[in-house]
Asks: 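The structure under discussion is supplied below as structure tokens; questions concerning it will follow.
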Amino acid sequence: MGALSGKVAIVTGATSGIGERIAEVFVEEGAKVVAAARREAEGAALEKRLGVSFIRTDVAREDDVKAMVAHAIARFGRIDCLVNNAGAGLPMIGVADIDMATFDAVIASNVRGVLLGMKHVAPAMLAQESGSIVNIVSIAGHRGGVSGHVYSASKGAVLAMTRSVAAELAEKGVRVNSISPGAIVTGIFAKGAGVEGSKADKVTDIVKGLFATIQPLPRAGLPDDIARAAAFLASDGSGFITGQDLVVDGGLTAIARGWSASAAGRAELAQRLKAAAERL
């Protein structure tokens with residue numbers, strides 16, 4: 001039996017990167033999984049490959065999130081875990097150059113989406129007096145100079161919201177924790193550089209080479225590293241843990257990097273990713 005045998009989980013942003021690997025690991029560990037994301041073709045392929053139940057979901061839209069939760073209950077009868085993974089990134093730019101429409105879009109996805117997920121899954125979990133919510137955050141919510149200002153602000157907001165909601169729901173046996181990934185090899189960096197979504201996932205080898213060198217542990221962080229942490233927080237093995245953030249970063253936050261160094265490195269990565277995508 002796996003660590004999640006008999007459990008029902010919802011994973012948002014499940015069609016690529018960290019979310020896709022979380023869905024895979026949860027299935028391996030015995031969970032029944034509802035995979036929620038915006039990309040329907042990829043969702044249908046994931047459903048066929050893993051046996052998950054896919055539902056198209058834009059986490060910034062409340063009606064979509066309500067439908068996602070209702071779908072999980074109708075299909076499986078309960079919800080034991082919600083992984084709020086869906087989110088948006090953007091390039092590192094100076095504060096004077098921030099576009100407010102972009103700000104609104106990132107906050108809608110990264111903060112509003114997490115809040116809506118917790119809002120609509122909470123009644124089901126409170127009724128059964130059990131459940132685990134796992135919010136995927138970022139070390140950008142802990143440290144300045146590792147990502148853009150808006151992205152960092154969104155992740156800092158989710159860290160605070162995780163602790164606050166944990167304090168409320170713990171009284172009825174529902175746990176709320178977060179995971180802060182460090183430099184993890186996914187397509188989000190290519191998407192932030194302007195590469196189209198389906199191509200972004202095909203140029204991650206460039207990211208992997210760079211990310212092998214920026215933290216004390218001499219390898220790049222992988223989606224599997226986050227997926228295994230999420231499986232632990234979803235399992236009964238973490239039954240006495242709530243209101244906490246698990247940093248999974250290979251030691252990156254143990255060292256210091258300035259804004260200029262990070263921004264220059266991100267700009268170089270963006271150029272290399274765009275060039276690689278144009279060759280596809």
Side-chain angles (χ1 to χ4, degrees), residues 1-37 42-57 59 64-86 114 116-136 162 165-166 168-179 222-246 248:
M1 293 177 61
L4 303 179
S5 182
K7 294 188 182 296
V8 176
I10 299 173
V11 181
T12 69
T15 54
S16 65
I18 290 172
E20 182 177 11
R21 186 57 187 151
I22 290 173
E24 291 171 345
V25 168
F26 276 36
V27 170
E28 290 171 9
E29 293 292 343
K32 297 178 177 68
V33 175
V34 171
E42 289 84 348
L46 191 71
E47 190 171 57
K48 183 177 181 180
R49 179 167 64 87
L50 295 181
V52 301
S53 180
F54 173 74
I55 181 169
R56 189 195 181 282
T57 306
V59 296
D64 280 18
V65 176
K66 288 172 67 175
M68 174 188 77
V69 172
H71 173 84
I73 294 173
R75 181 71 184 271
F76 298 116
R78 60 184 291 120
I79 303 170
D80 298 291
C81 180
L82 166 67
V83 181
N84 280 312
N85 167 74
V114 172
L116 287 173
M118 293 194 290
K119 173 183 175 180
H120 289 289
V121 83
M125 290 185 172
L126 290 172
Q128 65 198 28
E129 297 190 351
S130 67
S132 173
I133 297 172
V134 181
N135 298 324
I136 305 300
T162 297
V165 176
E168 175 195 355
L169 300 189
E171 297 176 1
K172 290 292 183 68
V174 178
R175 301 182 295 110
V176 188
N177 295 289
S178 60
I179 298 171
L222 300 174
D224 189 66
D225 295 312
I226 308 306
R228 299 294 171 184
F232 168 66
L233 290 176
S235 75
D236 295 340
S238 60
F240 202 54
I241 300 174
T242 196
Q244 303 302 310
D245 180 67
L246 177 57
V248 184

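Here the structure is a predicted model, which means the values were calculated and not measured.
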Asks: Looking at residues at least two apart in the chain, or sitting in another chain, which of them share a side chain to side chain donor-acceptor pair (under 3.5 Å) with Asn135?
Replies: Asn84, Thr162

Asks: Starting at CG of Leu169, measure out to CD of Glu129 and round the result to the nearest 0.5 Å.
Replies: 12.0 Å

Asks: Go through the steps for Val83 and Ile10 under the test side-chain contact (heavy atoms from CB on, under 4.5 Å), then give the verdict.
Replies: CA-CA 6 Å; Val83 181; Ile10 299 173; over 6 Å; no

Asks: Could you list the residues that satisfy side chain to side chain donor-acceptor pair (under 3.5 Å) with Lys66, not counting sequence neighbours?
Replies: none

Asks: Within this structure, what is the OG-CG distance for the pair Ser132 and Asp80, rounded to the nearest 0.5 Å?
Replies: 9.5 Å

Asks: So, using side chain to side chain donor-acceptor pair (under 3.5 Å) as the criterion, who are the partners of Ser53 when residues are at least two apart?
Replies: His71, Arg75

Asks: Report yes if some heavy atom in the side chain of Ile79 is under 4.5 Å from a heavy atom in the side chain of Met125; otherwise report no.
Replies: yes

Asks: Under 4.5 Å between any side-chain heavy atoms of Thr15 and Glu20, yes or no?
Replies: no

Asks: What residue pairs, at least two apart or across chains, pass salt bridge (Lys or Arg N to Asp or Glu O under 4.0 Å) with a residue in residues 228-239?
Replies: Lys7-Asp236, Glu28-Arg228, Glu29-Arg228, Asp224-Arg228

Asks: Would you call Leu233 and Ser235 a side-chain contact if the rule is heavy atoms closer than 4.5 Å?
Replies: no

Asks: Find the distance between CE (Met68) and OG1 (Thr12) and round it off to the nearest 0.5 Å.
Replies: 6.5 Å

Asks: I'd like to check Ile133 versus Asn177 (side-chain heavy atoms, cut-off strictly below 4.5 Å). Are they in contact?
Replies: no

Asks: Please examine the side chains of Gln244 and Ser238, heavy atoms only from C-beta on, and report whether any two atoms are closer than 4.5 Å.
Replies: no

Asks: Taking only residues two or more places apart in sequence, or in another chain, which ones meet Ser178 in a side chain to side chain donor-acceptor pair (under 3.5 Å)?
Replies: Asp245

Asks: Between Pro223 and Gly17, which heavy-atom pair has the shortest distance, and what is it?
Replies: CB-O, 3.9 Å

Asks: Taking C-beta and beyond as the side chain, do Leu126 and Val174 meet within less than 4.5 Å on heavy atoms?
Replies: yes

Asks: What closest approach, in Å, do Leu46 and Ala35 show between heavy atoms, and which atom pair accounts for it?
Replies: CD2-CB, 3.8 Å

Asks: Using a 4.5 Å cut-off on heavy atoms from C-beta on, say whether the side chain of Val52 contacts that of Phe26.
Replies: no

Asks: Show your working on side-chain contact (heavy atoms from CB on, under 4.5 Å) between Ile226 and Ile136 and close with a plain yes or no.
Replies: CA-CA 9 Å; Ile226 308 306; Ile136 305 300; 4.1 Å; yes

Asks: Kindly give the heavy-atom pair with the smallest separation between Glu47 and Phe54, and that separation in Å.
Replies: OE2-N, 3.0 Å

Asks: Going from CZ on Phe232 to CD1 on Ile241, what distance comes out if it is rounded to the nearest 0.5 angstrom?
Replies: 4.0 Å

Asks: Please identify each residue that fulfils side-chain contact (heavy atoms from CB on, under 4.5 Å) with Asp64, with sequence neighbours left out.
Replies: Arg56, Thr57, Asp58, Arg61

Asks: Might you point out which heavy atoms bring Ala37 and Ala14 nearest each other, and give the distance in Å?
Replies: CB-N, 3.9 Å

Asks: Indicate yes or no: at least one non-hydrogen side-chain atom of Leu50 is less than 4.5 angstrom from one of Val33.
Replies: no

Asks: Could you go step by step and tell me if Ile73 and Arg78 meet the side-chain contact (heavy atoms from CB on, under 4.5 Å) rule?
Replies: CA-CA 5 Å; Ile73 294 173; Arg78 60 184 291 120; over 6 Å; no

Asks: What are the two closest heavy atoms between Val248 and Ala229, and how far apart are they?
Replies: CG2-CB, 4.1 Å

Asks: Of the non-hydrogen atoms in Val176 and Ala166, which two are nearest, and what is the gap between them?
Replies: O-CB, 3.5 Å

